[in-house]
Colleague: 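Encoded as structure tokens, here's the structure I'll be asking about.
The structure displayed is predicted, hence computed values, not measured ones. Start at 1 and go down the list; that is how both ligands and their atoms are numbered.
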Amino acid sequence: MANPLVRVAGTGSCLPERRLTNAELAQMVDTTEDWILMRTGIRERRIAAAGEFTSDLAVRAGQVALEAAGVEPNDLDLILVATTTPDLVFPATATMVQRKLGAHYRQAPAFDIQAVCAGFVYAVTIAEKFILSGSCSRVLVIGAETFSRIVDWKDRSTCILFGDGAGAAVLTAAQGEEGSSGILSTHIYADGSYRDLLRVSGGISTGLQPGEDPRVSGVGFVQMRGNEVYKQAVKSMSAAIDDTLIMNGLERHHIDWLVPHQANIRIIESIAKRLEVGMEQVVVTVDRHGNTSAASVPLALDEAVRDGRIKRGDKVLLVAFGGGFTWGSVLIRW
Ligand code: ACO
């Protein structure tokens, strides 16, 4: 019997032109190329040009995903953008993406999701629910960031980690038998008690009083207790993977591809070890992209789809972790 399911009809991505290498960073802060590479696995990251915004990267990734899916912008029922670095506090970046795509004539809803590095996994989860409820048939989900705009370029412990980019997927409603391609399950979690380990203070909650100069208030940059975040990232993503396997009645060896959040190669290796998959089954982009927050998982997914590593029928496990903390996973039969 055919059941409703949600398919990934196409993926896309976009990276800004400019590469920032470890050697360049070593000229900017007290660090070395080797320290960055050994502790993080990052060799370079991309940086958005002046005047290039999150919505610009999101639109380009979205266009590539729409083309791959064979879906026209005006056929979309919903546009979701996961981002921590919106163009403006409001309106939502998703509404700017809608206009720039030329998808505004049907007036499909468009809104942003804020779950930091877990944003894309959150957005896919929300899109899946909209489709399974029968409200939508074609949803564009984008993870897009210009994280370089919110790092303190004088703080060597954080500025070396992040980069800019966008990744996208078009999700569509389908009917399928047991064993058909589609999303098998989604899992999202949050624990707000970790607020102070990873945050950007600023915006509405700065407590800035009339007449105070925001430029000297020291707000608005990423602050992270990296070591503690690291431990929680491994623990939480491993727990999400366990839940996913249990819910689907699967064993570890059933997973063909792990597409993890790209924060640090050591975190990725720890998760792969726990899942008992070899690194040849793990999609890694952190060496070239750094941590692109909500864009990291869809950027990695698109790369492995386009180069042919991920094939029809493969079980693909997306897993992410970010500020909040927020975390989650999505299991897809490709
Ligand atoms: N160059 C040289 N030395 C440095 C640098 C640098 N760029 N940065 C820090 N150090 C120093 C520190 O000052 C410290 O020196 P000390 O021992 O004299 O005090 C030493 O290196 C070790 O610092 P640690 O913070 O313990 O280094 P660690 O091995 O933990 O690596 C890192 C730091 C890379 C940040 C790591 O902890 C990490 O990747 N954490 C997880 C980040 C993450 O997962 N984020 C996910 C979510 S991101 C989001 O949601 C936005």
Colleague: Within the 3.5 Å criterion, strictly below it, is a donor on S180 or E177 matched to an acceptor on the partner's side chain?
Modeller: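 S180 vs E177: no donor-acceptor pair found between side chains.
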Colleague: Please tell me whether Q262 and S296 have a donor and an acceptor in their side chains that are separated by less than 3.5 angstrom.
Modeller: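 No pair is found: no donor N or O on one side chain lies under 3.5 Å from an acceptor on the other.
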Colleague: Heavy-atom cut-off of under 4.0 Å around ligand 1: list whichever protein residues fall inside it, by chain and number.
Modeller: D30, T31, W35, R39, T40, V116, C117, F147, R156, S157, I160, L161, F162, L198, M224, G226, N227, V229, Y230, A263, N264, R266, I267, N291, F321, G322, G323
Colleague: Indicate whether any N or O donor in one side chain lies under 3.5 Å from an N or O acceptor in the other, for W257 and D314.
Modeller: yes
Colleague: Which pairs would a plain distance check flag for residues 161-170, meaning a side-chain donor or acceptor within less than 3.5 Å of a matching protein atom at least two apart in sequence or in another chain?
Modeller:
unit_1	atom_1	unit_2	atom_2	d
D164	OD1	F147	N	2.8
D164	OD1	S148	N	2.9
D164	OD1	S148	OG	3.3
D164	OD2	A48	N	2.7
D164	OD2	S148	OG	2.7

Colleague: List the atom pairs, donor and acceptor, that lie under 3.5 Å between side-chain atoms in residues 68-79 and the rest of the protein, sequence neighbours left out.
Modeller:
unit_1	atom_1	unit_2	atom_2	d
N74	ND2	G102	O	3.3
D77	OD1	R106	NH2	2.9
D77	OD2	S137	N	2.5
D77	OD2	R138	N	2.8

Colleague: Pair up each side-chain donor or acceptor in residues 1-15 with any protein partner under 3.5 Å, not counting sequence neighbours, and list the distances.
Modeller:
unit_1	atom_1	unit_2	atom_2	d
R7	NE	S181	O	3.1
T11	OG1	D302	OD1	2.7
S13	OG	D302	OD2	2.6

